[in-house]
Amino acid sequence: MLDIKFIRENKELVKKGCRNKGVEVDIDRIIELDKKRREMLTELEKLRAEKNKASKIIASVKSQQEKKKIISEMKKIDKKEDALKEKFNKIDKELNELLLQVPNLPLESVPVGKDESENVVLREVGKKPEFNFPPRDYLELAQELDLIDIKRAAKVAGTRFGFLKKEAVLLEFALINFAFDQLIQEGFIPLVTPVMIKPEMMRGMGYVERGRDEIYYIEKDNLYLAGTTEQIIGAMHAGEIFEEKQLPIRYVGFSTWFRREAGSYGRETWGIFRVHQFDGVEMFSFAHPEKSVYEHQFFLSLEERLMKLLKIPYRVVEICTGDLGDPAAAKYDIEAWMPSQGRWRETHSTSNCTDFQARRLNIRYKDKKSNKLKFVHTLNGTAFAIGRTLIAIIENYQQKDGSIKVPSVLRKYLNFSVIKKRKR
RNA sequence: GGAAGGGUGCCGGAGUGGACUAACGGGACGGCCUGGAGAGCCGUGCCUCCUUUGUGGGGCUCGUGGGUUCGAAUCCCACCCCUUCCGCCA
């Protein structure tokens with residue numbers, strides 16, 4: 001949510017931001033409703049002030065006659081108030097609904113563009129592996145090595161699910177351990193989180209207005225399944241107030257993520273690249289507003305460090321305005337090199353959501369200078385989305401004989417250094 | 001699923017129709033004191049909004065939304081959430 005005062009004073013800027021994000025919201029209507037609302041509020045408050053005054057007089061006046069007279073006057077004012085309040089509520093409600101539709105504005109630094117085709121590649125890092133044989137597809141390799149079972153997953157749960165098996169399972173745990181080790185060392189607080197979230201919390205995180213179709217909903221219990229750990233950790237401190245010196249508060253959380261993948265029918269339906277359910281390790285930070293741009297770079301640098309340590313070639317992509325979600329003011333993706341496809345595929349994402357989520361969820365800190373409560377900034381970043389990271393490892397570490405080497409940083413978590421075919 | 005209790009400001013916590021303008025305590029902030037700090041003392045409109053800006057004036061605020069009443073933290077209704085006990089269960 002944006003500050004209504006900000007919208008009032010920066011109408012054109014807000015319109016431009018929405019336009020650049022490719023989102024349609026009637027900002028003029030918001031301004032109009034806001035004006036009306038304030039006018040009515042002023043009147044309403046006048047009536048209430050009158051009532052309050054009269055109440056005090058009634059309590060102190062001795063003469064019954066006088067009392068009756070004032071009371072009958074008050075009844076008239078009451079009627080007026082009721083009528084006005086009804087109108088006011090209607091406008092207030094419409095305004096609120098509209099305000100929730102307004103996305104966070106992109107930071108100045110974000111490249112303007114209409115969709116993902118206009119994202120900007122910032123850099124490529126790492127050496128692409130050179131094979132003296134045609135690199136094979138991860139799924140083929142994984143099935144040969146009995147690491148992934150799609151058929152049975154389809155039988156059990158339907159399309160877009162997978163079983164991880166054998167070394168793939170151990171690899172997942174190794175990745176989780178590796179990520180936690182790295183991030184705890186940086187002062188992140190480790191978490192294992194719930195995966196279900198109340199609608200008002202999900203709304204607060206800003207993923208309901210546009211994106212509802214992407215979320216699983218459990219009607220019987222009125223709960224959503226989280227699409228990322230971010231949604232859970234962000235909501236964790238809803239309504240709370242931090243001391244300024246506590247900031248930033250950094251978490252690293254593990255949980256399972258759920259995606260309906262509505263609208264992606266037919267795209268990558270086979271395998272585990274795009275599935276309804278996968279595990280993830282995520283970073284989240286509640287940061288001082290003046291430090292959030294720095295914090296965002298910090299998150300990006302940590303994601304890059306993880307990829308560098310795994311020795312997986314990747315590139316960093318700066319997301320353009322048209323490809324930002326509602327809550328994000330700025331976002332970078334990391335895309336890993338997939339040799340069999342000969343292209344880069346997204347494995348990480350980090351967003352600076354500035355005060356957008358904090359305002360909706362009322363997460364504040366006490367500002368020392370002004371002694372006022374202000375909204376924190378929230379940031380999130382993928383440490384690992386397990387499925388896709390496994391894919392990147394399998395593809396980049398494949399050997400001619402169809403075996404897969406284990407990245408050296410993961411070896412201390414495992415008792416094997418290569419995954420190979422054997423009789424089992 | 002059954003039963004009971006509860007949700008009060010920055011925090012703890014009292015308060016069952018008009019003196020609640022929310023007690024009391026803690027914290028925070030400002031001041032006094034001090035070489036400086038601590039302690040002590042004094043003060044505070046401590047959230048949020050409208051209006052005005054020299055400042056003021058007013059509203060809202062006791063989980064949320066309705067209702068009763070001239071007047072609600074307090075009474076009534078609905079909903080949300082939390083805790084405890086019983087049952088079921090990894």
Side-chain angles (χ1 to χ4, degrees), chain A residues 1-9 30-97 99-100 192-204 208 217-224 232 235-247 249 255-256 286 288 355 358-376:
Chain A
M1 185 137 68
L2 298 186
D3 186 358
I4 179 66
K5 275 186 209 150
F6 180 86
I7 298 178
R8 211 182 284 154
E9 286 158 20
I30 289 179
I31 302 278
E32 187 193 330
L33 286 169
D34 170 53
K35 196 170 165 228
K36 258 197 215 165
R37 197 193 89 99
R38 274 151 58 219
E39 282 165 9
M40 291 174 108
L41 186 59
T42 305
E43 263 193 57
L44 209 51
E45 287 184 353
K46 268 187 207 156
L47 291 177
R48 283 181 184 155
E50 244 180 282
K51 272 175 68 176
N52 288 343
K53 226 190 264 174
S55 276
K56 266 181 210 162
I57 295 170
I58 289 167
S60 63
V61 150
K62 300 248 162 64
S63 143
Q64 285 302 317
Q65 214 182 352
E66 189 128 345
K67 221 178 232 186
K68 270 186 189 158
K69 201 177 126 201
I70 302 172
I71 288 174
S72 75
E73 292 271 321
M74 283 306 101
K75 279 190 171 166
K76 272 187 230 160
I77 291 186
D78 242 7
K79 282 229 172 83
K80 255 171 133 182
E81 193 202 347
D82 281 350
L84 195 59
K85 197 176 164 195
E86 201 178 320
K87 277 196 224 163
F88 175 85
N89 283 345
K90 223 175 120 192
I91 286 180
D92 192 53
K93 199 178 157 205
E94 190 189 341
L95 178 63
N96 255 315
E97 296 283 316
L99 276 175
L100 284 168
V192 174
T193 73
V195 296
M196 294 185 206
I197 177 168
K198 293 179 196 169
E200 66 264 30
M201 290 296 164
M202 194 58 135
R203 190 163 221 219
V208 176
Y217 176 60
I218 302 168
E219 194 164 6
K220 202 169 177 185
D221 297 290
N222 194 28
L223 288 166
Y224 289 116
I232 306 288
M236 188 178 167
H237 288 291
E240 296 186 22
I241 293 164
F242 298 118
E243 292 297 321
E244 187 169 10
K245 60 171 185 277
Q246 286 179 273
L247 303 176
I249 297 177
S255 75
T256 303
F286 298 89
H288 193 285
D355 63 355
R359 176 170 284 111
R360 287 170 163 236
L361 290 171
N362 204 24
I363 308 170
R364 297 173 293 176
Y365 72 96
K366 190 149 203 176
D367 183 66
K368 268 273 179 211
K369 252 182 259 160
S370 62
N371 202 30
K372 291 245 156 147
L373 299 175
K374 294 189 173 175
F375 293 109
V376 300

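All chains are named by letter (A, B, ...) in the order of the sequence lines, taking the proteins before the strands, and each is independently numbered beginning at 1.
When distances are taken from the side chain of A/A49 to each of B/rC50, B/rG58, B/rU48, the shortest belongs to B/rG58. Considering only side-chain atoms of A/T42, the nucleotide from B/rC50, B/rC47, B/rG59 that sits closest is B/rC50. Listed nucleotides B/rU51, B/rA28, B/rG58 differ in distance to A/K366; the shortest reach to its side chain belongs to B/rA28. Closest contact between the side chain of A/I241 and the listed nucleotides B/rU51, B/rC10, B/rC47 involves B/rC10. Here B/rG58 is the nucleotide among B/rC60, B/rC81, B/rG58 with the atom lying nearest to any side-chain atom of A/E45.
Going from atom CG of A/D82 over to atom C1' of B/rU68 covers 12 Å, rounded to whole Å. Distance CG (A/D34) to P (B/rC50): 8 Å, rounded to an integer number of Å. Regarding A/R37, its CZ atom lies at a distance of 11 Å from the C1' atom of B/rU48, rounded to whole Å. Separating the CG atom of A/L223 from the C1' atom of B/rC81 is a distance of 13 Å, rounded to the nearest angstrom. Regarding A/K372, its NZ atom lies at a distance of 12 Å from the C1' atom of B/rC49, rounded to whole Å. In this structure, A/L41 atom CG and B/rU61 atom P are separated by 12 Å, rounded to whole Å. Between the CD atom of A/E200 and the C1' atom of B/rC81 there is a distance of 9 Å, given to the nearest Å. For the pair A/N362 CG and B/rG63 P, the computed distance is 16 Å after rounding to whole Å.
Taking the P atom of each, B/rA73 and B/rC85 are spaced 34 Å apart, rounded to whole Å. A gap of 15 Å separates the P atoms of B/rU64 and B/rC81, to the nearest Å. With P as the reference atom, B/rG25 and B/rC42 are 11 Å apart, rounded to whole Å.
B/rG5: Watson-Crick or G-U partner is B/rC82, with both key distances under 3.5 Å.
Mapping A/D221 and A/L44 onto RNA chain B by nearest heavy atom places A/L44 at the nucleotide closer to the 5' end.
In this model, the phosphate group of B/rG58 is not approached by any side-chain N or O of A/R48 to a distance below 4.0 Å at OP1 or OP2.
Within the 4.0 angstrom heavy-atom criterion, only backbone atoms of the sugar-phosphate kind lie near A/R8; the bases stay farther away.
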